[in-house]
Participant: 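Sharing a structure below in structure tokens format, with a few things to ask.
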Amino acid sequence: MGYREMREKIDKSVFLLPVSKTKDYSMIMEAYFEGARCFGENRVQEVAAKFPAPDQRPDGMEVFLIGQLQRNKVRKAVALCDRIESVDSIALLQDIDRESARIGRRMPVLLEFNSSGEEQKSGFRTPEELLEALDVSLRLEAAYVIGIMTVGPLGFDETLNRTAFSKTRRLFERMKEKSSLISVLSMGMSADYEVAIEEGSNEVRIGSAIFGGRS
Ligand SMILES: *Cc1c(COP(=O)(O)O)cnc(C)c1O
């Protein structure tokens with residue numbers, strides 16, 4: 001349906017992150033001209049191949065990494081991305097901190113929560129582990145946690161999605177008690193963003209509904 005139409009469809013208070021993975025740069029620029037500034041991508045390699053170097057991007061264009069990040073790609077990720085939404089271990093958080101500090105930049109991150117308990121999903125498995133990572137982050141110099149991200153259960157089942165999202169929302173509230181930097185509750189994709197927003201999401205990550213299906 002395009003970025004503009006999706007932007008008009010959802011509440012103004014919800015941040016819309018268009019997910020441009022597998023889509024070429026001309027489609028990204030189309031959305032940019034419709035007002036999109038930040039783009040979600042899954043793979044560091046794809047960011048490197050598709051986007052101009054950070055200092056050559058159009059005004060205000062930013063890339064948010066939303067896919068699983070391998071520790072050997074952290075150096076590249078912090079050089080090319082403006083936010084990392086998929087931090088799923090303390091070790092990764094510390095690597096991001098070290099590499100960001102090395103190049104003199106601060107890096108906002110989200111902690112990813114495995115809210116559905118599915119084996120194949122990444123993300124912290126328990127609220128306690130995630131809150132421990134938040135505690136660790138408060139002592140870092142360059143990486144800082146601004147919120148939480150989750151991917152709803154595979155296949156759309158309204159009750160299961162609602163349960164996973166409300167669990168994530170409660171954890172978001174607990175994070176806010178620990179840190180005044182917490183503001184982003186990122187949940188909801190093309191199939192389930194409406195339910196996610198009803199459950200309190202303030203950032204939806206939408207790919208196929210904007211750019212069309214992926215093969
Ligand atoms: C691909 C992806 C999305 C967007 O998915 P759509 O179903 O195409 O909207 C959102 N979040 C993550 C983490 C993704 O990998």
Side-chain angles (χ1 to χ4, degrees), residues 1-11 14-25 27-28 30-31 34 36-47 49-51 62-70 73 77 80-89 92 96 108-125 130 145-158 160-161 164-165 167-169 171-172 184-215:
M1 75 170 74
Y3 174 80
R4 186 187 294 124
E5 233 180 298
M6 182 59 76
R7 182 59 280 178
E8 281 162 7
K9 198 160 178 244
I10 61 180
D11 196 89
V14 177
F15 179 69
L16 170 58
L17 181 67
V19 175
S20 50
K21 64 188 185 201
T22 78
K23 303 300 175 185
D24 61 29
Y25 192 64
M27 294 182 80
I28 290 168
E30 226 172 277
E34 292 184 355
R37 288 295 175 269
C38 307
F39 295 87
E41 286 285 342
N42 256 26
R43 297 173 51 244
V44 181
Q45 276 325 325
E46 189 174 338
V47 176
K50 215 158 76 177
F51 285 82
E62 297 195 350
V63 179
F64 293 2
L65 191 70
I66 61 172
Q68 196 165 32
L69 175 57
Q70 285 161 359
K73 302 223 171 73
L80 297 176
C81 302
D82 300 285
R83 186 198 281 185
I84 297 172
E85 300 211 335
S86 43
V87 173
D88 59 1
S89 73
L92 177 61
I96 292 169
V109 308
L110 304 184
L111 300 178
E112 181 175 357
F113 181 45
N114 181 343
S115 58
S116 62
E118 291 162 313
E119 272 312 313
Q120 66 274 38
K121 284 263 171 68
S122 48
F124 288 95
R125 308 230 148 226
L130 186 140
V145 176
I146 59 169
I148 184 169
M149 186 273 264
T150 199
V151 175
L154 279 175
F156 181 71
D157 175 283
E158 186 174 329
L160 288 180
N161 282 57
F165 291 149
K167 223 199 264 183
T168 307
R169 160 116 194 224
L171 184 48
F172 172 66
V184 180
L185 175 55
S186 177
M187 50 189 200
M189 316 187 352
S190 294
D192 58 12
Y193 69 91
E194 281 154 321
V195 173
I197 292 170
E198 283 167 17
E199 295 299 330
S201 172
N202 60 25
E203 176 186 293
V204 292
R205 309 173 310 272
I206 303 207
S208 45
I210 291 178
F211 296 110
R214 294 176 296 270
S215 43

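Both ligands and their constituent atoms are indexed starting at 1 by order of listing. This is a predicted model, so every value here is computed, not measured.
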Participant: Please write down residue, atom name and distance for the protein heavy atom closest to atom 13 (C) of ligand 1.
Facilitator: Ile66 O, 3.5 Å
Participant: Which of the numbered atoms in ligand 1 are under 4.0 angstrom from any heavy atom belonging to Ile206?
Facilitator: 9 (O)
Participant: For a quick test of reading the model, state the closest non-hydrogen atom pair linking Glu118 to Leu154 and the distance between them.
Facilitator: OE2-N, 3.1 Å
Participant: Is there a donor in the side chain of Ser20 and an acceptor in the side chain of Glu41, or the other way round, less than 3.5 Å apart?
Facilitator: yes
Participant: Is atom CD of Glu119 surrounded by more than 12 heavy atoms (other residues, nucleotides or ligands) closer than 6.0 Å?
Facilitator: no
Participant: Among protein heavy atoms, which sits nearest to atom 6 (P) of ligand 1, and what does the distance come to when rounded to 0.1 Å?
Facilitator: Ser190 OG, 3.5 Å
Participant: Please state which option from Met187, Arg43, Arg205, Gln68 has its nearest heavy atom closest to atom 11 (N) of ligand 1.
Facilitator: Arg205
Participant: Is it the case that the side chain of Lys21 and the backbone of Glu46 share a donor-acceptor pair, with hydrogens and angles ignored and the cut-off at 3.5 Å?
Facilitator: no
Participant: Check Leu69 against Ala77 and note the closest heavy-atom contact, atom names and distance.
Facilitator: CD1-CB, 3.9 Å
Participant: Tell me if a side-chain donor or acceptor on Arg205 pairs with a main-chain N or O of Ser186 at a distance below 3.5 Å.
Facilitator: yes
Participant: When you measure from atom 10 (C) of ligand 1 to every protein heavy atom, which one gives the shortest distance, and what is it?
Facilitator: Met189 SD, 3.4 Å
Participant: Counting each atom of ligand 1 from 1 as listed, which ones have a heavy atom of Lys21 under 4.0 Å away?
Facilitator: 1 (C), 2 (C), 3 (C), 14 (C), 15 (O)
Participant: Run the numbers for me: atoms of ligand 1, each under 4.0 Å from some heavy atom of Arg214, listed by number.
Facilitator: 1 (C), 5 (O), 6 (P), 8 (O)
Participant: My understanding is that we take every heavy atom of each candidate and find the minimum distance to atom 7 (O) of ligand 1. Doing that for Gly207, Gly123, Ser208, which one comes out nearest?
Facilitator: Ser208
